[in-house]
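Here the structure is laid out as structure tokens; the discussion comes afterwards.
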Amino acid sequence: MNTLDFTQILKGYKKGWVAINEKEKKVVAQGKDFNEINKKVKETKNVVLMSTSEDYFGFITVIKND
């Protein structure tokens, strides 16, 4: 499993949800809640959906690719 540091990518995102392009390592969409972000990227592949926060200490997200 690879470790990814999203600190710089998520800088400026404090509320809601974001979709991060797995390959380009950049935010491709933002939404106020999970349903909104899910609708925005429904047909998009290779994205990670993450809840945003003011502090990511101890925050772990697992990306599974089959």
Side-chain angles (χ1 to χ4, degrees):
M1 178 179 356
N2 294 331
T3 302
L4 302 173
D5 183 357
F6 290 140
T7 306
Q8 292 302 315
I9 297 168
L10 296 173
K11 200 173 198 174
Y13 297 97
K14 303 294 182 198
K15 292 184 179 180
W17 286 74
V18 292
I20 301 170
N21 180 288
E22 185 181 353
K23 292 180 181 180
E24 297 175 24
K25 310 291 190 275
K26 69 178 188 176
V27 174
V28 293
Q30 179 182 13
K32 65 180 179 180
D33 57 33
F34 181 79
N35 288 331
E36 184 177 319
I37 194 68
N38 194 38
K39 287 178 187 176
K40 287 182 177 183
V41 296
K42 187 175 183 178
E43 301 298 321
T44 307
K45 294 185 180 187
N46 299 317
V47 294
V48 176
L49 300 181
M50 260 181 92
S51 174
T52 59
S53 174
E54 291 196 26
D55 182 14
Y56 292 99
F57 179 77
F59 195 93
I60 298 171
T61 299
V62 177
I63 304 167
K64 184 178 182 218
N65 296 320
D66 290 324

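Just so it is clear, the structure is predicted and the values come from calculations on it, not from any experiment.
When side chains are defined from C-beta on, V18 counts as touching M50, because their heavy atoms get closer than 4.5 Å. Using a 4.5 Å cut-off on side-chain heavy atoms (C-beta onward), V28 and V47 make contact. Considering only heavy atoms from C-beta on, V48 stays 4.5 Å or farther from N21 through its side chain.
Of all the heavy atoms in I37 and A19, the pair that sits closest is CD1-N, 3.9 Å. When all heavy atoms of K15 and Q30 are compared, the pair lying nearest together is O-NE2, 3.9 Å.
Residue pairs meeting the ring-ring contact (aromatic ring centres under 6.0 Å, His included) criterion with at least one member in residues 17-38, sequence neighbours excluded: W17-F34.
Rounding to the nearest 0.5 angstrom, the gap separating the NZ atom in K23 from the NZ atom in K25 is 9.5 Å.
Taking the side-chain hydrogen bond (donor to acceptor under 3.5 Å, both in side chains) definition, one finds that E24 meets it with K26, sequence neighbours left out.
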Next on the checklist: Quick one, N38 with D33, criterion side-chain contact (heavy atoms from CB on, under 4.5 Å). Give me CA distance, side-chain angles, the key distance, then yes/no.
Outcome noted: CA-CA 9 Å; N38 194 38; D33 57 33; over 6 Å; no
